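Everything on this sheet refers to the single structure shown next.
Side chains included, hydrogens not; waters and symmetry mates left out as well; all remaining heavy atoms used. Quantities reported herein were computed from a predicted structural model and do not represent experimental measurements.
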Amino acid sequence: MLCHFQLLPNRKPKNASPRNTPTSVPLLLFKCSQLLIILLFQVYVLRFIFQYYSLPPLKPKTCEHGFVYVYELPPVFNKELLDQCRDLDPWHSRCDAISNDGLGPRAAGEISGVPENLSPSWYWTDMFSGEVIYHARILTHTCRTMEPGSATAFYIPFYAGVAVAKYLFTNYTAKERDWHSERLLSWVKDQPPWRRSNGSDHFIMLGRMTWDFRRSRDEDWGSRFIHMPMMKNILRLAVERDPWDALEIGVPYPTGFHPKSKLELDQWLNFVRTRNRTSLFTFVGGKRNVKGDFRTILQSHCYNESGSCRVVDCSGTRCYDGTSEILEAFLDSDFCLQPRGDAYTRRSTFDCMLAGSIPVFFWKRSIYHQYEWFLDDEPDKFSVFIDRKDVRNGTSIRKVLEEYSRDEVRKMREKIINFIPNFVYSLMPSDDDLGSGYKDAFEIAIDGVLRRMKEQNGMKINQMLN
């Protein structure tokens with residue numbers, strides 16, 4: 001060290017004396033003490049900054065939009081709901097539906113019509129299991145942080161759809177339907193990240209359609225979760241969004257295919273691309289005892305066009321837990337009819353496209369302004385729209401579909417096949433995803449949330465500076 005060198009010189013100068021020595025020992029000791037004090041002070045300041053301001057770690061390339069913090073909620077809002085799976089539905093146990101982190105029972109050995117080596121990647125996945133799937137996936141996400149101070153976005157793993165489902169079909173009070181939601185928000189509002197932002201950097205996944213959470217009056221359907229004051233700033237991922245709500249993002253319904261590798265995904269894409277299809281179109285669904293029911297009209301239409309249309313009758317609970325017959329019908333058909341379901345969208349739309357079949361819609365709200373992050377914003381390039389009023393007035397669906405040339409059908413199918421990686425939920429590790437640039441539905445959703453939150457934070461900073 002410099003101080004040590006000056007205090008212990010190798011050789012005494014010839015004319016050295018107390019009067020002409022350039023630096024005395026006490027002065028050197030004083031200066032070295034000052035330097036040590038300064039260094040210790042800098043170390044203390046740096047420690048203070050890292051401890052109290054939680055500087056984020058260097059971002060890996062995959063986390064260019066920031067990090068997500070996952071709240072550890074009281075178990076009553078997620079885990080305990082799954083523990084009560086036998087009581088979540090008035091008619092059926094939901095234990096199978098929420099098993100395997102939301103993927104449901106394995107279908108291997110039961111599902112037919114798929115390449116044998118891919119059957120282990122098929123599950124009987126429930127259409128409303130998204131909340132469980134997203135929670136399980138985000139816990140191992142590459143961009144998850146354990147430090148709230150370094151987070152760009154905050155995920156609330158509340159199973160809102162699981163919680164409300166028990167109360168939808170029986171005579172429960174409005175207070176009972178809102179119980180979980182009200183207590184969840186009461187818990188969240190006391191968390192420091194919430195108090196800082198009033199929820200503007202928070203998001204949640206809703207595994208049921210948005211309309212199940214938008215009750216306006218006590219006697220109406222569903223809960224009033226979305227209409228609760230604290231929800232006004234929270235971003236929501238939902239399997240069906242309200243097209244007029246800027247805080248909602250439509251995400252795909254889970255299908256039964258969960259590839260474990262890029263190789264499996266590519267094999268499936270080639271399988272549906274080269275499939276020999278023997279039917280022009282298919283209808284999968286059940287009639288309802290409602291006057292003028294459109295599904296009944298479509299089923300009758302299909303039966304009358306038996307040479308061109310294939311029917312899978314799902315009346316009652318026949319298709320409740322999944323059936324290979326549905327997948328085979330989609331694989332064997334160029335087009336699949338997609339009327340609205342309980343809401344405007346259907347899980348069946350994604351089952352249809354997963355099989356490389358081209359969806360035919362009768363309500364524009366079934367696809368327009370719903371899934372732009374995953375399917376782009378030009379549905380006419382991969383689907384067909386026939387107004388339901390025209391069908392009711394006698395328009396032949398067969399004749400409309402026969403007007404599409406083989407080349408047009410091929411181009412639409414290729415567009416759909418290119419979308420398949422975007423709407424499946426894979427079983428790949430988060431940091432690997434589907435490999436070679438592929439991102440599955442979950443990754444696309446979380447990336448989109450982080451990008452949106454980062455841009456939002458940037459705008460706030462600019463407003464403060466200006």
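- Remark: Asp83 engages Lys79 in a salt bridge, criterion side-chain N to carboxylate O under 4.0 Å.
- Using cut-offs of 30° and 60° on the angle between ring planes, the pair Tyr344 and Trp211 is perpendicular.
- Between Tyr159 and His135, the ring centre distance stays below 6.0 Å.
- Note on Asp242 versus Arg214: salt bridge recorded, some NZ/NE/NH1/NH2 to OD/OE distance being below 4.0 Å.
- In this structure, Trp363 and Phe294 have perpendicular ring planes: the angle between them is above 60°, well past the 30° mark.
- Contact check on Glu408 versus Lys411 returns no salt bridge, with no Lys/Arg side-chain nitrogen under 4.0 Å from an Asp/Glu carboxylate oxygen.
- Tyr134 and Phe442 have perpendicular rings, their planes meeting at more than 60° on a 0 to 90° scale where under 30° would count as parallel.
- Ring geometry for Tyr253 versus Phe350: interplanar angle of 30 to 60°, hence tilted.
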Practice problem: May I have the step-by-step check of side chain to side chain contact (heavy atoms under 4.5 Å, CB included) for Arg208 and Val162, ending in yes or no? | Solution: CA-CA 8 Å; Arg208 298 185 67 91; Val162 176; over 6 Å; no
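- Between Phe335 and Tyr404, the two ring planes are tilted [angle within 30° to 60°].
- The pair Arg241-Asp245 does not count as a salt bridge, with every side-chain nitrogen at least 4.0 angstrom from each carboxylate oxygen.
- Here Asp334 pairs with Arg413 in a salt bridge; the nearest charged N to carboxylate O distance falls below 4.0 Å.
- Ring pair Tyr172/Tyr167 is perpendicular by interplanar angle, where above 60° counts as perpendicular and below 30° as parallel.
- Using a 4.0 Å cut-off between a side-chain N of Lys or Arg and a carboxylate O of Asp or Glu, Asp342 and Arg288 qualify as a salt bridge.
- Residues in residues 73-123 take part in these disulfide bond (SG atoms under 2.5 Å apart) pairs, two or more places apart or across chains: Cys85-Cys95.
- At a threshold of 4.5 Å between non-hydrogen side-chain atoms, the residues Ser200 and Gln456 count as touching.
- Aromatic rings from Phe154 and His202 are positioned such that their centres are separated by under 6.0 Å.
- The pair Arg275-Asp332 meets the salt-bridge criterion, since a charged nitrogen lies less than 4.0 angstrom from a carboxylate oxygen.
- Using cut-offs of 30° and 60° for the angle between ring planes, the Trp268 and Phe271 rings count as tilted.
- A salt bridge does not link Lys175 to Asp218: none of the charged nitrogens lies less than 4.0 Å from a carboxylate oxygen.
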